[in-house]
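Please read the structure below before turning to the comments.
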Protein chains: 2
Amino acid sequence: MVRAGLTPERLTQAGAELADEVGFEEVTVSEVARRFDVKVASLYSHVKNSRDLKARIALLSLEELADRAADALAGRAGKDALIALADVYRDYAREHPGRYAAAQFRLTPAEAAASAGIRHSQMTRALLRGYDLPEPDQTHAVRLLGSVFHGYVDLELAGGFSHSAPDSQESWSRILDALDTLLRNWSAEPPEGDREK
Amino acid sequence: MVRAGLTPERLTQAGAELADEVGFEEVTVSEVARRFDVKVASLYSHVKNSRDLKARIALLSLEELADRAADALAGRAGKDALIALADVYRDYAREHPGRYAAAQFRLTPAEAAASAGIRHSQMTRALLRGYDLPEPDQTHAVRLLGSVFHGYVDLELAGGFSHSAPDSQESWSRILDALDTLLRNWSAEPPEGDREK
DNA sequence: GCCCATGCCTAAAGCCTTTAGGCAACCCTC
DNA sequence: GAGGGTTGCCTAAAGGCTTTAGGCATGGGC
């Protein structure tokens with residue numbers, strides 16, 4: 001019998017495609033095996049278990065996303081860069097919903113440390129150089145941007161903004177405008193926290 | 001043999017507790033049955049299927065969250081209200097991670113329409129009354145707040161901000177300050193979109 | 001006190017995961 | 001080019017979750 005030529009990479013790739021088709025949660029070792037026309041047990045020499053397969057898909061997705069982000073950021077700065085980066089996340093999520101969901105997979109600290117996750121925060125930091133924030137604030141801003149990008153994309157994917165005016169693209173643009181303004185005026189704010197609670 | 005007294009409500013409640021213990025994804029009809037010391041098949045007279053159970057947990061969580069939000073908002077306005085509402089989401093997610101995850105469950109449009117999801121957007125809108133935004137912008141702002149709250153809480157829960165300075169509480173406060181400023185100056189921005197792309 | 005409805009049970013099929021052990025195909029060496 | 005070892009996929013099997021079908025007994029109502 002002809003060998004199927006399974007490798008962790010090919011399985012991961014197939015898993016990623018499957019994720020985009022049926023949703024990341026529905027990715028199953030069995031279904032991947034079926035797609036290679038191979039018995040399920042065969043996959044277990046290439047992948048530790050179901051969780052391992054999913055983690056690999058997550059790592060692949062983070063990598064792809066980081067590559068796109070790096071591309072988008074090249075040669076841009078300021079608001080231009082902000083919009084470009086934001087659109088990378090949003091577009092990726094729309095093109096590859098399963099992979100995007102995979103990118104949210106809970107990796108172990110060790111896996112996370114070795115993942116492209118690092119590149120993502122580095123790129124956000126690079127982006128923020130254009131806004132010139134002092135250090136503690138830069139981290140706050142990184143977290144803010146991460147939250148908005150992730151939160152918006154996630155809600156949009158969940159169907160939160162569909163079929164209700166104004167359309168999502170408009171909100172997205174307006175929100176990015178607002179973030180740009182916010183970042184440009186970040187320091188020019190009420191001197192210190194007069195926060196309650 | 002003594003009857004266990006199963007009802008959809010008690011099953012949902014048990015499911016919610018289970019979710020907080022083991023994670024929403026891991027909630028299983030079998031495990032809930034085990035907790036009632038009852039055979040699995042018995043649950044199927046009270047709950048349509050696994051998906052139905054999860055949807056009920058989602059609805060319960062949305063309801064609880066909305067109740068808390070309503071409480072927190074009562075008698076507050078402006079930044080005070082903003083912080084109170086934001087903290088409701090964050091605190092709920094930290095106290096009940098499983099339920100919080102459940103609140104993100106993809107409901108059908110019909111279920112969503114009948115859920116407390118509506119109350120959530122209404123409350124955000126109520127909160128924004130304190131900032132007095134004209135209509136299209138109000139919707140944009142609702143979406144922005146939803147994105148930040150959801151995004152931040154989600155990333156924090158995923159462990160994104162743990163073990164790295166500055167601590168998460170500080171970023172959270174700073175981000176809410178920034179949002180307040182942003183909302184107060186929302187209209188006072190660059191007249192019209194000079195956005196590219 | 002009887003009777004029916006309801007509630008939980010047994011049984012069973014289907015699908016997924018994971019491990020163990022086996023045979024055959026491939027590659028490398030002689 | 002043949003032998004031999006390694007690697008790759010297979011069969012077998014156990015265990016878990018889901019879901020449906022059909023049965024018996026409990027418990028409330030008459």
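In the text below, chain A, chain B and the rest are named by the order of the sequence lines, each starting its count at 1.
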At a heavy-atom distance below 4.0 Å, what parts of residues 19-43 of chain A sit against DNA chain D? A:Val38, A:Lys39, A:Ala41, A:Ser42

Just by distance, with hydrogens left out, do B:Asp180 and B:Tyr131 show a side-chain donor and acceptor under 3.5 Å apart? yes

Can a donor-acceptor pair be found, under 3.5 Å and without considering hydrogens, that links the side chain of B:Arg90 to the backbone of B:Ala86? no

Tabulate atom names and distances for all N/O pairs under 3.5 angstrom spanning the protein and nucleotides 22-24 of chain D.
none

Are B:Glu21 and B:Arg35 close enough for a salt bridge, meaning some N to O gap below 4.0 Å? yes

Please check: side-chain N/O of B:Asp20 versus main-chain N/O of B:Gly98, any donor-acceptor pairing under 3.5 Å? yes

Please give me every residue in residues 46-59 of chain B whose heavy atoms get under 4.0 Å of an atom in DNA chain D, ordered by residue number. B:Asn49, B:Ser50

Centroid separation B:Tyr100 to B:His96 less than 6.0 Å: no

Lys/Arg-Asp/Glu bridge criterion (N-O < 4.0 Å) met for A:Glu26, A:Lys54: no

Given 3.5 Å as the limit, does a donor-acceptor pair link the side chain of B:Thr28 with the main chain of B:Glu31, or not? no

Between A:Ser173 and A:Gln169 (side chain of the first, backbone of the second, donor and acceptor by atom type, cut-off under 3.5 Å), is there such a pair? yes

Only one of A:Tyr89, A:Tyr152, A:Phe161 passes ring pair (Phe, Tyr, Trp, His ring centres under 6.0 Å) with A:Trp172, and that residue is A:Tyr152

Could you tell me whether B:Arg10 and B:Glu17 make a salt bridge, using a distance below 4.0 angstrom between a side-chain N and a carboxylate O? no

Measure OH/A:Tyr44 against C1'/C:dT19 and give the value in whole Å, please. 10 Å

